[in-house]
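This report concerns only the one structure given below.
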Amino acid sequence: MVDSAGEDKELVRQALLQTSAYTAIVKKYEQRLLRYVQRISGLNQPDAEDIVQEIFIKAYLNLNAFALTRSFSAWLYSIAHNETVSFWRKHKQRLAQSDLNDEVVTNLASTVINAGQKYDNTILKKHIIEVLNQLSAKYQEVLELYYLEEYNYEEISDIIKKPVSTVGTLLRRAKQQFKEQYIKHYGTTK
Amino acid sequence: MEPLNKRITTIIKQKKLQPKPKWQISLVEILRWVVFGLGLVLSGVLVAIIINVVNQEEAWAVWQMRRNITLLISAIPIVWILCVALLSVLLRFEFKHTKHGYKITGYKIIGIVMAASLVLGLVFSVFNITAYLPALVHTIRQPEQYWSQPQAGLLSGTILSIDHQTLTLRDWSGTVWHINITSATTVRGRVQLVPNEQIKIMGQLNSENIFVANDIRPWLPGRRLVK
């Protein structure tokens, strides 16, 4: 994950001294978190914004719990993960997935299903979204965190609160299932 | 509509929210570790009770003489073992909620808890800690139950009186037995055969309330597992 770690830590130090400095953190992460929450929950913009608002308030209240030796963005995402999961548990429903950007499509296509340049990107994107929607939430989330947010195993472990070895297993199974579902619906990718 | 970042800043200012102080966050973490530590000590005590029960039952000695698998199985302190297993699972969840608890898999935590409980249990046994916890130890009267199977040749209780080759014994349920002692009866080291002494007897049920003793042992454990 390309994380401006030093900058984040400085922002946290300032936010602990004066509330107004926290705005810089919110501005930096609000759009990323909004996309993340929408992707893993499938919520519409206003509902996702409400969750993101809760995430930032909770993060602010627990700012002293953040260890400066860790990645701030992974810590923030772990709160986002918990909030979204608790929302999902309360509502017990999963709405349609939101859009994926081209970068994720290319990433998934080349690394998981070896699609390369053979497919029209628009069709490929549609197929990938359909297949992703069929995966269970835990597999979708690790794929999102790894391919879209570009977190490494250790950071994903901090976010979803699972051991690194479990993250590896989840990711391997997610890729396997994604590939199987893709082949099942759209034939071989070779 | 107000941008999200402004909304958040407004809420923080309006509600005068402040980050929780470091001491409060540390205190929660410390309390979790204290609960975990106390749970581990309790688990160690339970293991010490298991060791105590196993010592007192002397099931292996009974097995060598009787070769009765049902009798051997009935000696397993299953309730105490289940208590340790349940506590290990609870401690796993407690550990998971510590700051870095999620980094270790559940099975590893349970393994570590059980290993630590075993070590603590052995240490507590060496110091005979169960002697200070009679109420807890006697919650389940496992050795009493095991040594109250006259049909299978096991009897125990308190000596009421002794007269030549017969002693009178009251078992744990209050039944009075007449025990025949023969020249073939082995009386183990610490047994004095005096009134009020608690003993366990291996032998045969002769007729109602009459028991022929082959082997008389002291009731209290010999602690040979730890000594």
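Each chain gets a letter, A, B and so on, in the order its sequence line appears, and its residues count up from 1.
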Find out whether [X] and [Y] are in side-chain contact, i.e. whether some heavy atom of one side chain is under 4.5 Å from a heavy atom of the other.
| X | Y | answer |
| --- | --- | --- |
| Tyr36(A) | Glu149(A) | yes |
| Leu154(B) | Lys200(B) | no |
| Val47(B) | Trp80(B) | no |

Margin query: If you count heavy atoms of other groups shown closer than 6.0 angstrom to CZ of Arg173(A), is the number above 12?
Written below: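 No, the 6.0 Å shell around CZ holds no more than 12 heavy atoms from other groups.
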Next item on the list: Take atom CD of Glu154(A) as the centre, draw a 6.0 Å sphere, and report whether it contains more than 12 heavy atoms from other residues, nucleotides or ligands.
Entry: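 For Glu154(A), atom CD is not crowded (no more than 12 foreign heavy atoms under 6.0 Å).
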Notebook entry, point to check: Salt-bridged, Glu58(B) to Arg188(B), with N to O below 4.0 Å?
Noted result: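 Salt bridge between Glu58(B) and Arg188(B), a charged N being under 4.0 Å from a carboxylate O: no.
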Check: Hey, are Glu29(B) and Lys99(B) close enough for a salt bridge, meaning a charged N less than 4.0 Å from a carboxylate O?
Finding: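 Salt bridge: no.
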Next item on the list: Classify the ring geometry between Trp33(B) and Phe95(B) as parallel (under 30°), tilted (30 to 60°) or perpendicular (over 60°).
Entry: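 The arrangement is perpendicular - the two ring planes meet at more than 60°.
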So for [X], is it side chain, backbone, both, or neither that comes closer than 4.5 Å to the heavy atoms of chain A?
| X | result |
| --- | --- |
| Lys96(B) | side chain |
| Thr9(B) | side chain |
| Ile104(B) | backbone |
| Lys108(B) | neither |

Item checked: side chain to side chain donor-acceptor pair (under 3.5 Å) partners for Trp75(A), two or more places apart ->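 Not a single residue meets the side chain to side chain donor-acceptor pair (under 3.5 Å) criterion with Trp75(A).
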Notebook entry, point to check: Can you pull out the residues in residues 12-22 of chain A with any heavy atom less than 4.5 Å from chain B?
Noted result: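 Only Leu16(A), Thr19(A), Tyr22(A) of residues 12-22 of chain A have a heavy atom under 4.5 Å from chain B.
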Check: Looking at Leu63(A), Ile57(A), Val164(A), Val167(A), which makes the most heavy-atom pairs under 4.5 Å with chain B?
Finding: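 Between Leu63(A), Ile57(A), Val164(A), Val167(A), the count favours Ile57(A).
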Margin query: If you count heavy-atom pairs within less than 4.5 Å of chain B, which of Thr166(A), Leu34(A), Thr23(A) leads?
Written below: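 Heavy-atom pair counts peak at Thr23(A).
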Check: Roughly how far, to the nearest 0.5 Å, is the CZ atom of Arg92(B) from the CG atom of Leu90(B)?
Finding: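 Here the interatomic distance stands at 11.0 Å.
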Next item on the list: Below 4.5 Å from any heavy atom of chain B, which atoms of Ser157(A) appear? Answer side chain, backbone, both or neither.
Entry: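 For Ser157(A), heavy atoms of backbone and side chain both lie under 4.5 Å from chain B.
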Item checked: Which atoms of Lys162(A) approach chain B - backbone, side chain, both or neither, heavy atom under 4.5 Å ->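 When you check distances to chain B, only backbone atoms of Lys162(A) fall under 4.5 Å.
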